[in-house]
Amino acid sequence: MKKIGQLLVSGLIGIGIGMAWIVVQILMEYPWKNLANSTLQLSEFLFWVLTSFLIGIFFNLATWIFNNDNWSLRKQIIINFFVCLVAWLIFNFFVNGLTVIEKRWPVVIGNFIIMYAIAYGTYFFNLWNDVKQINAQLKKNDKEG
């Protein structure tokens with residue numbers, strides 16, 4: 001049950017990142033003067049919500065690579081990055097067709113790198129803060145004990 005909860009939270013985080021992403025795309029497509037005229041079809045919005053949820057879940061599942069204690073952290077990050085990148089390229093292939101990847105592959109890869117940096121940057125920042133708090137508590141306990 002705990003794993004299902006983690007997957008749901010990851011999916012919701014994915015929706016949050018996806019919605020921020022779509023807002024940025026709308027702002028880039030429509031200058032501020034024409035922003036009032038911008039529209040988003042309900043089907044497109046629901047597609048973004050669903051795919052963002054699934055991408056969030058995938059990122060959670062991809063973290064299983066970090067459970068392999070025989071690999072260094074660097075190796076885990078590199079393997080995780082390329083597994084996620086391949087999945088992202090396959091996803092773009094099915095959603096947009098081969099023409100988008102052929103013509104805009106730097107943009108597709110750039111979008112992935114930004115998304116990866118946000119997702120795992122946030123994860124590692126939170127992990128770093130948790131370790132910092134645990135170490136501070138341990139030091140406090142050592143001084144008291």
Which heavy atom of [X] sits nearest to which heavy atom of [Y], and what is that distance?
X: Phe112; Y: Leu85; value: CZ-N, 3.4 Å
X: Tyr116; Y: Ile77; value: OH-O, 3.5 Å
X: Ile57; Y: Leu7; value: CG1-O, 3.4 Å

Atom [atom1] of [X] and atom [atom2] of [Y]: how far apart are they, to the nearest 0.5 Å?
X: Tyr123; Y: Ile13; atom1: OH; atom2: CD1; value: 11.5 Å
X: Thr122; Y: Leu127; atom1: OG1; atom2: CG; value: 12.5 Å
X: Gln137; Y: Asn141; atom1: CD; atom2: CG; value: 4.5 Å
X: Trp128; Y: Gln133; atom1: CH2; atom2: CD; value: 10.0 Å
X: Trp88; Y: Ile113; atom1: CH2; atom2: CD1; value: 12.0 Å
X: Lys75; Y: Ile65; atom1: NZ; atom2: CD1; value: 11.5 Å

Any chain of hydrophobic side-chain contacts (each under 4.5 Å) joining [X] to [Y]?
X: Phe66; Y: Phe125; result: no
X: Leu12; Y: Leu46; result: yes
X: Met115; Y: Phe82; result: yes
X: Val107; Y: Val86; result: no

Subject >> Check: Asn80 and Tyr120 side chains under 4.5 Å, non-hydrogen atoms >> reply: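 SC-SC contact between Tyr120 and Asn80 confirmed.
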
